[in-house]
Amino acid sequence: MSVSEAATHVFGDRVDRAVGYHDWLADAAVTRGLIGPREAPRLWDRHILNCGVIAELFGPDERVVDIGSGAGLPGIPLAIARPDLRVVLVEPLLRRTTFLAEVVDALGLDNVTVVRGRAEEPSVIAQHGAADSVTSRAVAPLDRLCGWSAPLMRPDGKMVAMKGSTAQEEVDEHRSRCAAIGIDDLTVTTVGAGLVPEVTTVVLGRRRGGQTRPTPAAPRGTRTERGR
Ligand SMILES: C[S@@+](CC[C@H](N)C(=O)[O-])C[C@H]1O[C@@H](n2cnc3c(N)ncnc32)[C@H](O)[C@@H]1O
């Protein structure tokens, strides 16, 4: 399937917004240092479509929190592909949230909210927690992601962590740690076969009902990125 056929398949009658997002990534995101220039020729396959294909994993009208959106991945392609979802992009760095707010405004994505903050911040959890699903891509190792995702999810909510070829290894390594935090049923699945050259690998998890334990403190020496 060609890129334009795949884009039409994934984004339907909102494909023009996906094209608009591509143009923001190829131009402003590269000049502002949010996307490496080497990514520009492969934005569709490796980024926009690769993220858009996860849309099939969500039920109708879900509230989704995307942790560490960076330049909007996967949250913006997801929100374009699924206008019924309400997507909150959580990102600590000002120049990234500035970019995200500009893109959301320019593309008229009224189902997207941009929040500057860290996923584990109490104010973020208080205002945007109890989500049906929490997404992430390239943000942190799986055990830390479980710790950040669980407090943002409603009981029985879903974690959708986009991971690469090491997904199963991460699940094997962190399954018991994630269970201790309150995330069970970790499984690795793929989406996008026939649409993207390399299928998208995702770790799915489910938040157990009831209370979750507080997020473990970051190890000493963990660098804070706020304000960079
Ligand atoms: C490698 S980038 C990935 C960006 C995007 N998800 C993608 O796939 O292109 C990791 C992002 O996570 C953000 N981040 C780091 N720690 C975070 C935290 N505690 N809460 C939310 N976002 C965080 C960073 O600011 C950065 O934008």
Side-chain angles (χ1 to χ4, degrees), residues 18 21-22 24-26 28-30 32-40 42-55 64-80 87-104 112-129 131 133-153 159-167 170 181 191-192 196 198 200-203 214-219 221-228:
Y21 181 50
H22 171 274
W24 273 87
L25 289 181
V30 172
R32 297 188 203 178
L34 307 183
I35 291 274
R38 278 188 307 179
E39 296 306 308
R42 46 194 191 189
L43 286 171
W44 280 109
D45 283 346
R46 288 176 58 112
H47 299 282
I48 301 169
L49 285 168
N50 176 277
C51 289
V53 295
I54 69 169
V64 180
V65 174
D66 184 36
I67 294 177
S69 303
L73 298 160
I76 287 184
L78 180 60
I80 295 173
V87 180
V88 177
L89 310 178
V90 177
E91 167 57 51
L93 299 190
L94 178 60
R95 64 195 173 91
R96 296 184 184 171
T97 54
T98 301
F99 173 85
L100 291 170
E102 287 176 39
V103 171
V104 165
V112 178
T113 303
V114 179
V115 172
R116 183 174 176 218
R118 304 187 77 89
E120 68 274 30
E121 274 173 30
S123 60
V124 172
I125 296 167
Q127 287 176 47
H128 304 286
S133 295
V134 174
T135 56
S136 58
R137 186 183 84 153
V139 175
L142 192 60
D143 56 342
R144 208 177 309 159
L145 273 183
C146 286
W148 290 347
S149 301
L152 286 165
M153 292 153 68
M159 183 179 76
V160 180
M162 295 177 64
K163 290 284 182 182
S165 54
T166 60
E170 280 206 62
I181 291 164
V191 285
V196 279
E198 264 182 56
T200 299
T201 303
V202 172
V203 175
T215 306
T222 299
R223 193 178 51 166
T224 171
E225 293 188 273
R226 182 188 275 287
R228 279 171 62 217

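These figures come from a predicted structure and were not determined experimentally. Whatever order the structure lists ligands and atoms in, that order sets their numbers, starting from 1. Numbers here are sequence positions counted from 1.
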Practice task
Using distance alone, decide if ligand 1 has a nitrogen or oxygen within less than 3.5 Å of any nitrogen or oxygen in Pro92.
Solution key: no
Problem - Polar atom proximity, Arg118 to ligand 1 (N or O, under 3.5 Å) - result: yes
Problem - For the student: nearest non-hydrogen atoms of Glu120 and Ile125, plus distance - result: O-CD1, 3.7 Å
Exercise for the section: Just say parallel, tilted or perpendicular for the rings of Phe99 and Trp24, cut-offs at 30° and 60°. Expected result: perpendicular
Exercise for the section: For Ala138, counting its heavy atoms only, list the atoms of ligand 1 lying under 4.0 Å from any of them. Expected result: 1 (C), 2 (S), 3 (C), 10 (C)
Completion exercise
Per-atom filter on ligand 1: closer than 4.0 angstrom to a heavy atom of Gly70 are 4 (C), 27 (O)
Practice task
State whether Glu91 and Arg116 are salt-bridged, where the test is any N-O pair (Lys NZ or Arg NE/NH1/NH2 against Asp/Glu carboxylate O) under 4.0 Å.
Solution key: no
Exercise for the section: Just let me know how Ser136 lines up against ligand 1, side chain, backbone, both or neither, with a heavy-atom cut-off below 4.0 Å. Expected result: neither
Exercise for the section: Flag Ala71 as yes when one of its N or O atoms lies below 3.5 Å from any N or O atom of ligand 1, and as no otherwise. Expected result: no
Problem - Arg42 bridged to Glu198 by N-O distance under 4.0 Å - result: no
Handout entry: Under 3.5 Å donor-acceptor, Thr97 side chain and Leu94 backbone
Key = yes
Completion exercise
Numbered in order shown, the ligand 1 atoms found under 4.0 Å of a heavy atom of Leu93 are 25 (O)
Completion exercise
Of Arg116, Arg137, Met162, the one whose closest heavy atom lies nearest atom 7 (C) of ligand 1 is Arg137
Handout entry: Short side-chain to backbone donor-acceptor contact, Thr135 and Val160, under 3.5 Å
Key = no
Problem - Best match, His47, Arg95, Arg46, Glu91: closest heavy atom to atom 13 (C) of ligand 1 - result: Glu91
Exercise for the section: Report, in ascending order of atom number, the atoms of ligand 1 lying under 4.0 Å from any heavy atom of Arg96. Expected result: 24 (C), 25 (O), 26 (C), 27 (O)
Handout entry: Reported CG-to-CD1 distance for the pair Leu89 and Ile67, which is rounded to 0.5 angstrom
Key = 12.0 Å
